[in-house]
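To start, the structure itself, in C-alpha cells.
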Amino acid sequence: MKALTKPNILLIYTGGTIGMIKDADTGALKAFNFKKLIKGIPELKLLDCTIETVSFEKPIDSSNMQIKDWQKMAAIIEENYLNFDGFVVLHGSDTMSYSASALSFMFENLSKPIVFTGSQLPIGDLRTDAKENLITAIQIASLQDKGKPVIQEVSLYFEYKLYRGNRTTKISAEHFNAFTSPNFPELVESGVHLNVNTSILLKQKTTKKLKVNTSFDDNVLILKLFPGINKTILHALLHTPNLKGVILETYGSGNAPMENWFISEIDNAIQRGLHIVNVTQCSGGSVLMGTYETSTQLKEIGLISGKNITTEAAITKLMYLLGQNVANSVFKTIFETPLRGEMND
C-alpha cells in the first residue's frame with residue numbers, strides 16, 4: 001500500500017503588514033526578513049503539510065500594487081504549479097481583493113488552491129491576527145479529498161472565513177474582520193472545525209491543462225456617479241486619450257441621471273467603441289437595468305451589466321478581457337458571463 005504523502009504548500013510573501021516590524025527609532029512599520037516570519041511561528045510545524053517559502057526580492061506595500069506585480073505572482077505560481085499542492089499568498093490587505101480578483105482571471109483551468117491572506121496587525125504584535133490567518137490559510141490550502149485539493153480556485157482568508165477571492169471587498173481599516181463577500185456566502189468557516197460549504201465550490205470539471213493569461217490592459221478607469229456631476233467633467237473623462245473601458249458606478253440597481261446630456265455622452269462613448277460596465281455603488285445587491293426608468297435608457301444604449309460583481313472584480317475583469325483582445329462584437333456577452341464565479345449567471 002502506497003504511503004500517503006503530505007501536501008506541499010508554497011508560501012509566497014509579497015509584502016504587507018503581516019511581515020512588518022516597527023522601526024525602534026521612528027515607530028513606522030517596515031518589512032523584515034521573511035525567514036524570520038516563519039521562525040516566529042513554531043505552530044507551523046504542527047501542520048500536516050510541508051511548507052516552502054519564496055519572497056518578492058523587495059516586499060511591497062499593497063498600495064503600490066501594479067499589474068506587473070500580479071504577473072510576478074502568477075509567474076511564481078505557474079513555475080511551481082506541478083511541484084506543489086497549494087499556494088498561500090501573503091499580501092497587504094488594502095488591495096488584496098483586487099489582486100485576488102486579477103489572479104482568478106489569470107488562471108484558467110485552475111485545479112489547486114491559491115489562498116490570499118494577510119493581517120491588520122504585524123506578526124510580532126501581542127494582539128496580532130496574523131498567526132491565525134496564516135495558520136488557517138495554510139491548513140485550508142492543504143485540505144484534500146481522495147487525493148485532490150478541496151479548494152480549486154483563488155480565495156481569500158481573513159478572520160475565520162474563506163471567501164471566493166473575486167467576490168470580496170475590504171470594508172474596514174480597523175477591525176480584524178476587514179473583508180466581506182456581499183453577494184456570495186463564505187466557502188469555509190473556521191471554528192472548532194473547518195466547515196466547508198462544498199456545494200458552492202468551483203470544481204475543475206475537465207482535465208484541461210492549466211493556462212495562465214497575464215496580459216492586462218490598464219487603459220481603464222472607475223467613474224463613480226454623484227449628485228452634481230457635470231457635463232464638462234464627464235466629457236473630459238470619457239475622452240481620455242487611449243481609454244478603452246470604464247466601470248461606471250451607478251446608484252441602487254443601476255440607475256443614473258436622465259438628463260439628455262448625460263445619456264448622450266455615455267451613448268457617444270459606446271458608439272466610439274468604449275466598453276462601459278454598469279456596477280452598483282451599493283455594498284450589496286445587483287444591477288437590474290430596466291427596473292426603473294432611470295436605468296432603462298442605459299440598457300437601450302448598450303451598457304454592459306455588471307450584475308452583482310464587485311468593483312474590484314469588475315475593473316480587473318475589464319483589464320483582463322481588454323488584454324486578451326476580445327472582439328467588440330462579443331465583448332458585452334463575455335463580460336456578462338461568469339468566468340470564475342465572479343458574478344451570478
Side-chain angles (χ1 to χ4, degrees), residues 9 12 14 16-18 62 65 70 73 77 86-107 110-120 129-130 132-143 149-191 193-204 279-280 282-286 306-317 338-345:
I9 304 301
I12 303 166
T14 68
T17 300
I18 194 168
S62 74
M65 192 62 58
W70 297 338
M73 290 178 220
I77 294 170
F87 304 87
V88 174
V89 181
L90 300 182
H91 190 291
S93 61
D94 285 348
T95 60
M96 193 186 297
S97 290
Y98 290 95
S99 295
S101 296
L103 261 69
S104 76
F105 297 121
M106 284 183 174
F107 284 86
L110 181 66
S111 60
K112 297 180 181 181
I114 299 174
V115 185
F116 278 79
T117 195
S119 64
Q120 294 284 66
D129 55 331
E132 196 283 323
N133 286 348
L134 176 58
I135 290 168
T136 307
I138 294 172
Q139 194 170 17
I140 288 172
S142 304
L143 290 176
V150 171
I151 307 299
Q152 300 182 10
E153 57 183 287
V154 179
S155 57
L156 187 157
Y157 181 80
F158 229 85
E159 187 68 2
Y160 306 116
K161 290 183 179 180
L162 181 79
Y163 304 107
R164 178 164 296 158
N166 56 33
R167 290 284 195 152
T168 62
T169 188
K170 186 176 180 182
I171 57 167
S172 177
E174 181 176 344
H175 298 125
F176 286 150
N177 56 336
F179 289 86
T180 189
S181 173
N183 294 315
F184 200 73
E186 60 268 18
L187 306 181
V188 179
E189 187 168 10
S190 173
H193 303 286
L194 291 177
N195 295 313
V196 183
N197 195 346
T198 54
S199 64
I200 61 171
L201 298 178
L202 288 181
K203 291 295 181 183
Q204 191 54 43
V279 173
T280 178
C282 298
S283 57
S286 179
K307 301 183 180 179
N308 64 354
I309 198 170
T310 63
T311 295
E312 294 91 335
I315 194 67
T316 50
K317 185 175 185 178
L339 300 181
R340 310 285 189 266
E342 72 280 1
M343 59 166 68
N344 285 16
D345 202 356

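Since the model is a prediction, treat every value here as computed from it, not as a measurement.
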**Report entry** Residue among Tyr157, Phe116, Trp70, Phe158 satisfying ring pair (Phe, Tyr, Trp, His ring centres under 6.0 Å) with His91
**Finding:** Phe116
Query - Distance in Å, Ile140 CD1 paired with Ser190 OG, rounded so as to fall on 0.5 Å steps - result: 6.5 Å
Requested in this report: Please test Thr169 against Thr180 for side-chain contact (heavy atoms from CB on, under 4.5 Å), starting from the C-alpha separation and ending with a verdict.
Outcome: CA-CA 6 Å; Thr169 188; Thr180 189; 3.7 Å; yes
Query raised in the report: At what distance, to the nearest 0.5 angstrom, does CD of Glu189 lie from CG of Leu194?
Result: 10.5 Å
Query - Over all atoms of both residues, closest heavy-atom pair of Asp129 and Ser119 - result: OD1-CB, 3.3 Å
Report summary line: Output for pair (Glu186 CD, Arg164 CZ), nearest 0.5 Å, gives 12.5 Å
Report summary line: What one should report as the nearest heavy-atom pair of Ile309 and Ala313 is CG1-CB, 3.6 Å
Query raised in the report: Would you say the side chain of Arg340 lies within less than 4.5 Å of the side chain of Met106, judging by non-hydrogen atoms?
Result: no
Query raised in the report: Would you call Leu339 and Lys317 a side-chain contact if the rule is heavy atoms closer than 4.5 Å?
Result: yes
Query - Ionic contact status for Glu342 with Arg167, cut-off 4.0 Å - result: no
Query - Distance (rounded to the nearest 0.5 Å) between Asn183 CG and Ser283 OG - result: 8.5 Å
Query raised in the report: How far does CD of Glu312 sit from OH of Tyr98, to the nearest 0.5 angstrom?
Result: 4.5 Å
Query raised in the report: Step by step, would you call Asn166 with Ser101 a side chain to side chain donor-acceptor pair (under 3.5 Å)?
Result: CA-CA 4 Å; Asn166 56 33; Ser101 296; 5.9 Å; no
Query raised in the report: What pairs meet the side chain to side chain donor-acceptor pair (under 3.5 Å) rule with one or both residues in residues 195-204, with sequence neighbours excluded?
Result: Asn197-Ser199, Gln204-Thr206
Report task. Kindly determine whether Ile138 and Thr136 satisfy side-chain contact (heavy atoms from CB on, under 4.5 Å), including the steps that lead there. Result -> CA-CA 5 Å; Ile138 294 172; Thr136 307; over 6 Å; no
Requested in this report: Give the C-alpha distance, both sets of side-chain angles, the deciding distance and a yes or no for side-chain contact (heavy atoms from CB on, under 4.5 Å) between Met96 and Ser62.
Outcome: CA-CA 7 Å; Met96 193 186 297; Ser62 74; over 6 Å; no
Query raised in the report: Nearest 0.5 Å, what's the OG1-CD1 distance between Thr310 and Ile315?
Result: 11.0 Å
Requested in this report: Answer whether the closest heavy-atom distance between the side chains of Leu90 and Ile12 falls below 4.5 Å.
Outcome: no
Query raised in the report: What residues, two or more places apart in sequence or in another chain, satisfy side chain to side chain contact (heavy atoms under 4.5 Å, CB included) together with Thr280?
Result: Cys282, Val287
Requested in this report: Taking all heavy atoms of Ala141 and all of Pro113, pick out the closest pair and write down the distance.
Outcome: O-CG, 3.4 Å
Query raised in the report: If every non-hydrogen atom of Ser97 is compared with every non-hydrogen atom of Thr168, which pair is closest and at what distance?
Result: OG-OG1, 2.8 Å
Query raised in the report: Under a 4.5 Å cut-off applied to non-hydrogen side-chain atoms, are Leu201 and Gln152 in contact?
Result: no
Report task. Let me know which of Val89, Ile77, Ile114, Val115 forms a side-chain contact (heavy atoms from CB on, under 4.5 Å) with Val154. Result -> Ile114
Query raised in the report: For the residue pair His175 and Ser172, what are the closest heavy atoms and their distance?
Result: N-OG, 2.8 Å
Query raised in the report: More than 12 non-hydrogen atoms from neighbouring residues, nucleotides or ligands closer than 6.0 Å to OH on Tyr160, yes or no?
Result: no
Query raised in the report: Is any side-chain heavy atom of Phe184 less than 4.5 Å from a side-chain heavy atom of Ile200?
Result: yes
Query raised in the report: Hey, is the main chain of Leu202 close enough, under 3.5 Å, to the side chain of Glu153 for a donor-acceptor pair?
Result: yes
Requested in this report: I would like to know whether Leu162 and Leu156 meet side-chain contact (heavy atoms from CB on, under 4.5 Å); could you show each step before the answer?
Outcome: CA-CA 6 Å; Leu162 181 79; Leu156 187 157; 5.9 Å; no
Report summary line: Note: Asn133 and Glu159 closest approach over all heavy atoms is OD1-N, 3.1 Å
